[in-house]
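FYI, side chains are in, hydrogens and waters are out, and symmetry mates aren't considered; it's all heavy atoms of this structure.
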Amino acid sequence: MKIVIVGGVAGGATAAARIRRLDEQAEILVFERSGYISYANCGLPYYIGGVITDQSDLTLQTPESFFSRFRITMKVHHEVTAIHPEKHTVTVKNLETGGEFEESYDKLLLSPGAKPTQPPIPGTDIDRLFTLRTVEDTLRIKEYIEKNHPQSAVLAGGGFIGLELAENLRELGMDVTIVQRPKQLMNPFDPDMASFIHNEMRRHGVKLALGHTVEGFEQEETGVRILLKGEEPLHADLVVLAIGVTPDTRLAKDAGLKLGIKGSILVNDRMETSVPDIYAVGDAVQVRHSVSGQEALISLAGPANRQGRIAADNLCGKDSRYPGSQGSSIIKVFDMTAAVTGVNETNAKKAGLDVDKVILSPMNHAGYYPGGKLITMKVVFEKETFRLLGAQIIGYDGVDKRIDVLATAIHAGMKATDLKDLDLAYAPPYSSAKDPVNMAGFMIENIADGLLRQFHLEDLETLSRRGGVTLLDVRTRKEYERGHVDGFVNIPVDELRERQQEIRPDQPVYVMCQSGLRSYLAVRILDGCGYDAWNFSGGYRFYDAVENDRCLIESATACGMETV
């Protein structure tokens with residue numbers, strides 16, 4: 001059997017190696033248009049910033065090492081320009097010589113990946129504007145920085161690449177601005193959780209121009225002018241276009257393969273396309289989101305590698321199925337870590353799901369052990385059924401552990417209430433006897449049992465206008481004096497039993513504290529005394545972070561760029 005693979009990075013390289021492990025006799029030929037195979041896309045920004053110092057560390061394999069180990073021919077600088085399904089051949093162009101030839105196949109696997117999205121605006125071809133997708137892109141940016149010593153950079157786009165590159169350019173001493181039309185970075189997160197990412201970026205000197213539309217670029221003698229809709233232009237020594245990626249599916253379209261959203265390749269759960277003997281994997285294919293059930297594009301290395309393995313199994317006669325993508329991802333944001341899995345609240349509601357959430361701020365390990373830091377967790381679940389839908393965590397050490405536990409729980413179909421029963425490892429330097437994941441489960445169980453009724457950030461404005469309610473802050477006097485929500489009166493929780501007569505028994509009581517724990521205790525006290533009491537989800541710490549971020553974004557949108 002002769003198998004031709006188009007693309008030798010994540011999905012393609014994984015499939016090639018798996019095929020060889022299953023079939024020692026197969027002829028396997030991989031065409032890769034860049035000069036590198038099996039390279040680590042996610043590490044590219046860190047090479048630019050000098051965290052990764054050896055260029056060879058970016059490539060997990062070379063064509064020579066791949067052939068030596070697997071006897072698989074990897075032809076770099078070879079671009080497949082056409083597929084001829086009726087003849088079972090592909091047209092290939094040697095990018096070094098310009099020559100073209102046809103190559104036959106018994107089975108064809110497409111792993112062309114995605115390309116940086118190029119908006120239809122003027123100036124995207126100027127010299128000081130870069131994209132970052134391949135090793136060659138990385139080397140061009142690195143060479144430009146070393147040769148020209150730029151002092152400022154504008155990054156158009158605030159996704160994974162934008163944030164990672166912003167951090168690395170700041171570490172090189174550059175003045176960095178991220179500009180984009182959406183009013184939040186990192187769309188996998190809900191806007192409230194993204195506030196913590198925004199605050200960390202600002203804390204490290206990255207300027208955020210959120211809610212601004214780039215209309216074009218103009219070359220200047222000393223840099224680039226970035227044209228903004230309705231705003232004064234920005235100026236920078238270099239610009240990186242990082243507004244996202246688009247499935248690279250021209251080959252598939254020209255060959256008559258069925259396409260899905262944004263021109264992606266339609267595949268079934270065996271990674272088979274609509275044309276016999278042609279498979280497809282990676283960033284170019286449409287997948288089913290395993291939680292929402294909706295069709296999706298999820299450009300992540302983990303799914304691409306798993307799809308490559310599944311396609312290889314099926315090419316070799318096995319019956320492997322891809323269950324869908326959950327979207328689990330994680331990113332380093334300077335000193336913090338931000339991670340997400342499943343669907344966020346925003347997308348769950350768009351999918352028509354009736355959702356609820358808990359927001360908590362536990363310590364990453366036992367509070368009495370030195371060095372503990374708060375993490376912020378948001379766990380989303382379906383009302384009535386308590387099906388676990390998604391989670392977002394932002395903090396420091398231990399974020400990766402908790403997101404992976406929650407990702408596994410979602411994949412296993414666990415209910416959110418089941419989180420309380422997970423038997424998780426504990427020692428003071430790593431966790432608490434009640435792990436943060438368990439704590440989320442306890443809170444959700446309390447909701448299921450009617451012991452906890454919540455109100456949320458989006459309810460505050462309505463409550464403040466409603467009247468006929470008591471708004472109660474149960475933090476200490478000093479905490480209250482340092483900042484509080486207008487309309488909330490202060491009775492510290494430790495004084496509540498003795499001062500409950502100050503609260504009208506005929507009005508519902510909406511209670512807030514710093515993180516949500518003391519207010520929950522206050523709610524239980526008040527419930528036990530016959531009051532109709534509700535707990536504020538996330539606490540004043542959460543409210544303060546989100547509201548401050550919202551004010552900064554709105555003022556920047558109305559008055560121009562952020563200056564901090």
Side-chain angles (χ1 to χ4, degrees), residues 189 193 196-197 199-200 203-204 328-342 357-381 388 390-412 414-447 451-452 474-476 478-479 482 492-494 512-524 535-542 544-545:
F189 293 82
M193 293 296 286
F196 293 88
I197 299 174
N199 293 338
E200 183 72 358
R203 191 170 74 86
H204 287 270
S328 302
S329 57
I330 191 166
I331 185 171
K332 178 180 179 294
V333 186
F334 290 99
D335 298 330
M336 295 183 74
T337 301
V340 62
T341 188
K357 72 231 177 184
V358 292
I359 299 165
L360 57 158
S361 300
M363 297 288 281
N364 66 313
H365 61 59
Y368 60 83
Y369 187 85
K373 293 184 178 180
L374 290 173
I375 59 177
T376 303
M377 297 176 58
K378 180 175 184 177
V379 179
V380 181
F381 57 94
L388 189 58
Q392 300 154 65
I393 311 178
I394 298 175
Y396 301 90
D397 291 343
V399 168
D400 53 343
K401 167 185 173 177
R402 274 72 187 215
I403 204 68
D404 283 342
V405 170
L406 288 161
T408 304
I410 292 171
H411 181 78
M414 292 175 58
K415 290 186 176 182
T417 48
D418 293 334
L419 298 177
K420 71 183 189 301
D421 297 321
L422 291 176
D423 194 349
L424 303 175
Y426 159 63
Y430 302 104
S431 185
S432 300
K434 298 175 182 177
D435 188 87
V437 174
N438 297 135
M439 292 300 300
F442 296 148
M443 293 172 67
I444 297 167
E445 181 189 42
N446 285 339
I447 292 172
L451 295 177
L452 173 62
V474 296
R475 294 176 297 157
T476 66
K478 287 185 177 180
E479 288 175 300
R482 284 196 294 266
V493 64
D494 292 340
M512 177 182 292
C513 73
Q514 188 69 9
S515 68
L517 175 57
R518 284 174 288 173
S519 53
Y520 168 64
L521 299 177
V523 163
R524 298 307 308 139
N535 188 42
F536 180 65
S537 178
Y540 182 80
R541 172 181 175 269
F542 186 78
D544 191 46

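- Minimum interatomic distance between M443 and L360 (heavy atoms only, all atoms of both residues): SD-CB, 3.9 Å.
- For N438 (side chain) and L419 (main-chain N/O), a donor-acceptor pair under 3.5 Å exists by modelled atom type.
- No more than 12 heavy-atom neighbours from other residues, nucleotides or ligands sit within 6.0 angstrom of NE2 on H411.
- The number of heavy atoms from other shown groups lying within 6.0 Å of NZ (K415) does not exceed 12.
- For F334, the CZ atom is densely surrounded, since the number of other residues' heavy atoms within 6.0 Å is greater than 12.
- Across all their heavy atoms, L374 and R541 have their closest contact at CD1-NE, 3.6 Å.
- Distance alone, capped at 3.5 Å, is enough to place a donor-acceptor pair between the R402 side chain and the N364 backbone.
- The local environment of NZ in K434 is sparse, with at most 12 non-hydrogen atoms from other residues, nucleotides or ligands closer than 6.0 Å.
- Although no hydrogens or angles enter the test, the distance criterion places no donor-acceptor pair under 3.5 Å between the side chain of N446 and the main chain of L451.
- The structure places CZ of F189 at 6.0 Å from OG of S329, a figure rounded to the nearest 0.5 Å.
- Smallest separation of non-hydrogen atoms from P436 and S431: CD-OG, 4.2 Å.
- Closest non-hydrogen pair, A391 versus L406, comes out as CB-CD1, 3.6 Å.
- Surrounding OH of Y426 are more than 12 heavy atoms belonging to other residues, nucleotides or ligands, all under 6.0 Å away.
- The two residues A440 and V379 come nearest to each other via the heavy atoms CB-CG2, 4.0 Å.
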